[in-house]
Amino acid sequence: MASPKPEDVPVIRTVRDAMVMGNPFSQPALYLQPGFPSDNRYNSASSGASDGTMTDMTLSQIRLLVEIVEQGSFRAAAMRLDLPPSTLSRQVAGLETRLGVRLFNRTTRSEALTEDGAAFLARATPALREIESAMTEMTARRAEPGGLLRINGSGSGLALLLPVIARLQWRYPGVEIDLVEDGQLSDIVAHGFDAGLRLTEDVPRDMVAVPIGPDQRFIVVGAPDYLKRVPAPQRPADLLDHACLRARRPSGRLIQWEFASKGHEITVPVTGRLILGNNTLALEAARLGCGLAYVTEQAASADLIAGRLVAVLDDWCASFPGICLYYPKQRATSVTLRALIFEIRRQ
């Protein structure tokens, strides 16, 4: 039987062409470029390679073949894959040895997909697309926020986060949150937390900080009855003449009474006969007329509105960046944590 002329031989330019033509083929070879002489002679040393070694082939290796056909040449495919052409050639040669057939006929002028190569890709490409589709579907499922997030922080910080968590869990029923009250500035990585809550100024440098509320400021407050007995301070130094209700941070350190006005900053070493374990107790003591308390404006807002407490030294009480959610910069961020961050930023 006469060999077909080059112009009679179907041309394979894409994987879709190979799939449409199907298998078996009536031509000795299917060409990427017309006019290339047919050569369907295979290496006899590889003719017996049907021993199951092809099961070692990976999806990435099949993608290499698809890319060569789609790009039209080894060189173009190598550029697309960011591989040296010699590396791509060696990988294809290894696949040909493993399959026991020649997949491409190559000369210095062109590359041609052989009949066996076209038959293989016609079968393998749909399977590859199916697997890729399944992997995409699984990735999409994994992209749905869910599972457990562990977050630590002070009680006030956690309370600030609760409205955000309520929206997140309403939107994603699979999300679980474990809020652990901890004002010790613990290492969230060492203690197995996904994120923590702190004042922005206390966040370590290797963490990412996401503000979750407005700026805050500490203010000085006292009961009206107390301020009737002792004249209200006019400047921070006047606090040395007052009974100051000192409070401790959760770490045990006393809270410093810090003030700023017109670029001038000052820390007053206040004294007083009553030291309390937290700001909540300091507020209660102030309401009872025991002295002046140094607390956050947010904590004292209800008492100020109701008239149970009065603010003093207001011009010296500057604002500062408030509480933020923070998490490790170097750790891969889970989809659930990203969803929480999105909810924080959209409020």
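Just so it is clear, the values below take in all heavy atoms, side chains as well, and ignore hydrogens, waters and symmetry mates. All values derive from a computational prediction rather than experimental measurement.
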Worksheet item: Quick one: does R345's side chain get under 4.5 Å of V210's, heavy atoms only?
Response: yes
Worksheet item: How about I151 and V180: do any of their side-chain heavy atoms sit closer than 4.5 Å?
Response: no
Worksheet item: Which residues satisfy the salt bridge (Lys or Arg N to Asp or Glu O under 4.0 Å) test with D315, sequence neighbours excluded?
Response: none
Discussion item. One pair to check against salt bridge (charged side-chain N to carboxylate O under 4.0 Å, His left out): E343 and R171. What are the steps and the verdict?
Written reply: CA-CA 10 Å; E343 288 294 335; R171 189 183 297 269; 2.9 Å; yes
Worksheet item: Do Y326 and L197 come within less than 4.5 Å of each other through their side chains, counting heavy atoms only?
Response: no
Response to the item:
So CH2 of W316 and NZ of K262: to nearest 0.5 Å the spacing works out to 9.0 Å
Worksheet item: Would one find more than 12 heavy atoms of other residues, nucleotides or ligands at under 6.0 Å from atom CZ of F342?
Response: no
Discussion item. Between Y294 and F259, is the ring centroid distance below 6.0 Å?
Written reply: yes
Worksheet entry | Hydrophobic cluster identity match, L168 and I323, side-chain contacts under 4.5 Å | yes
Worksheet item: Would you find more than 12 non-hydrogen atoms of other residues, nucleotides or ligands less than 6.0 Å from R338 atom CZ?
Response: yes
Worksheet item: So which heavy atom on R205 is nearest to which on K329, and how close?
Response: O-NZ, 3.6 Å
Fill in: Test ring pair (Phe, Tyr, Trp, His ring centres under 6.0 Å) applied to F193 and Y327, step by step
CA-CA 9 Å; F193 290 97; Y327 58 94; over 10 Å; no
Worksheet item: Can E67 and R80 be said to form a side chain to side chain contact (heavy atoms under 4.5 Å, CB included), step by step?
Response: CA-CA 8 Å; E67 196 68 39; R80 172 86 172 182; 3.0 Å; yes
Worksheet item: Can any side-chain N or O of E96 pair as donor or acceptor with the backbone N or O of F104 at less than 3.5 Å?
Response: yes
Worksheet item: Nearest heavy-atom pair of I62 and A124: which atoms, and what distance?
Response: CG2-CB, 4.3 Å
Worksheet item: Are any side-chain N or O atoms of E176 and backbone N or O atoms of G147, one a donor and one an acceptor, separated by less than 3.5 Å?
Response: no
Worksheet item: Should R63 and L128 count as side-chain neighbours, where that means a heavy-atom distance under 4.5 Å?
Response: yes
Discussion item. So, taking the atom named CG in N152 and the one named NE2 in H191, what distance separates them when rounded to the nearest 0.5 Å?
Written reply: 8.5 Å
Worksheet item: At what distance, to the nearest 0.5 angstrom, does CD of E70 lie from CG of L121?
Response: 9.5 Å
Worksheet item: Donor-acceptor pair, T200 side chain versus C324 backbone, under 3.5 Å?
Response: no
Discussion item. Hydrophobic clustering (ILVMFWY, side-chain heavy atoms < 4.5 Å, transitive) - are L304 and V295 grouped together?
Written reply: yes
Worksheet item: Is any side-chain heavy atom of L283 less than 4.5 Å from a side-chain heavy atom of L309?
Response: yes
Item to complete: Given side chain to side chain contact (heavy atoms under 4.5 Å, CB included), test V270 with R246 step by step and report yes or no.
Response: CA-CA 8 Å; V270 298; R246 292 175 290 170; 3.9 Å; yes
Fill in: Path from V310 to L245 over hydrophobic side-chain contacts below 4.5 Å
no
Worksheet item: Okay, side chain of T125, backbone of A122: is any donor-acceptor separation there less than 3.5 Å?
Response: no
Worksheet item: What are the two closest heavy atoms between A285 and L274, and how far apart are they?
Response: CB-CD2, 4.0 Å
Atom pairs and distances, donor-acceptor, side-chain atoms in residues 217-242, under 3.5 Å, two or more places apart:
| unit_1 | atom_1 | unit_2 | atom_2 | d |
| --- | --- | --- | --- | --- |
| R217 | NE | E297 | OE1 | 3.1 |
| R217 | NH1 | D314 | O | 3.4 |
| R217 | NH1 | D314 | OD1 | 3.3 |
| R217 | NH1 | C317 | O | 2.8 |
| R217 | NH2 | E297 | OE2 | 3.2 |
| R217 | NH2 | D314 | OD1 | 2.6 |
| Y226 | OH | H242 | ND1 | 2.9 |
| Y226 | OH | A243 | N | 3.2 |
| R229 | NH2 | G289 | O | 3.0 |
| Q234 | NE2 | A232 | O | 3.1 |
| D238 | OD2 | Q234 | N | 2.9 |
| D238 | OD2 | R235 | N | 3.2 |
| H242 | NE2 | P231 | O | 3.0 |

Worksheet item: Does N278 use its side chain to pair, donor to acceptor, with the backbone of L281 at less than 3.5 Å?
Response: yes
Discussion item. Between I255 and L292, is there shared hydrophobic-cluster membership here, with clusters defined by ILVMFWY side-chain heavy atoms closer than 4.5 Å?
Written reply: yes
Worksheet item: Heavy-atom distance under 4.5 Å between the side chains of E201 and P321, does that happen here?
Response: no
Worksheet item: Is R150 salt-bridged to D194, cutoff N-O under 4.0 Å?
Response: no
Worksheet item: How long is the span from the CG atom in D82 to the CG atom in L88, to the nearest 0.5 Å?
Response: 12.0 Å
Worksheet item: Which heavy atom in A293 sits nearest to a heavy atom in W257, and how many Å separate them?
Response: C-CH2, 3.9 Å
Practice prompt. Locate the shortest heavy-atom distance separating L325 from L337; write the atom from each residue and the value.
Written response: CD2-CD1, 4.2 Å
Worksheet item: Hey, is the main chain of D202 close enough, under 3.5 Å, to the side chain of R198 for a donor-acceptor pair?
Response: yes
Worksheet, complete the sentence: So CD of E258 and OG1 of T267: to nearest 0.5 Å the spacing works out to 4.5 Å
Worksheet entry | Closest approach of D116 to R102 (non-hydrogen atoms, all atoms of both residues) | CB-O, 4.1 Å
Worksheet item: Is there a side chain to side chain contact (heavy atoms under 4.5 Å, CB included) between S73 and I68 once you walk through the steps?
Response: CA-CA 6 Å; S73 71; I68 293 170; over 6 Å; no
Worksheet item: Hey, are the side chains of L179 and I177 touching, using non-hydrogen atoms and a 4.5 Å cut-off?
Response: yes
Item to complete: Give a yes or no on whether L288 and V312 share a hydrophobic cluster (residues Ile, Leu, Val, Met, Phe, Trp, Tyr; joining criterion: side-chain heavy atoms under 4.5 Å apart).
Response: no
Worksheet item: Where the side chain of T87 meets the backbone of L83, is there a donor-acceptor pair that is under 3.5 Å apart?
Response: no
Discussion item. Any non-hydrogen side-chain atom of V164 less than 4.5 Å from a side-chain atom of I212?
Written reply: no
Worksheet item: Once you round to the nearest 0.5 Å, how far does SG of C244 lie from CD1 of I275?
Response: 11.5 Å
Item to complete: Please step through side chain to side chain contact (heavy atoms under 4.5 Å, CB included) for the pair L161 and I344, ending with a clear verdict.
Response: CA-CA 8 Å; L161 190 62; I344 290 171; 4.0 Å; yes
Worksheet item: Looking only at atom types and distance, does a side-chain atom of R248 sit under 3.5 Å from a main-chain N or O of L276, one as donor and one as acceptor?
Response: no
Discussion item. Among residues at least two apart in sequence or on other chains, which ones pass salt bridge (Lys or Arg N to Asp or Glu O under 4.0 Å) with D303?
Written reply: R287, R308
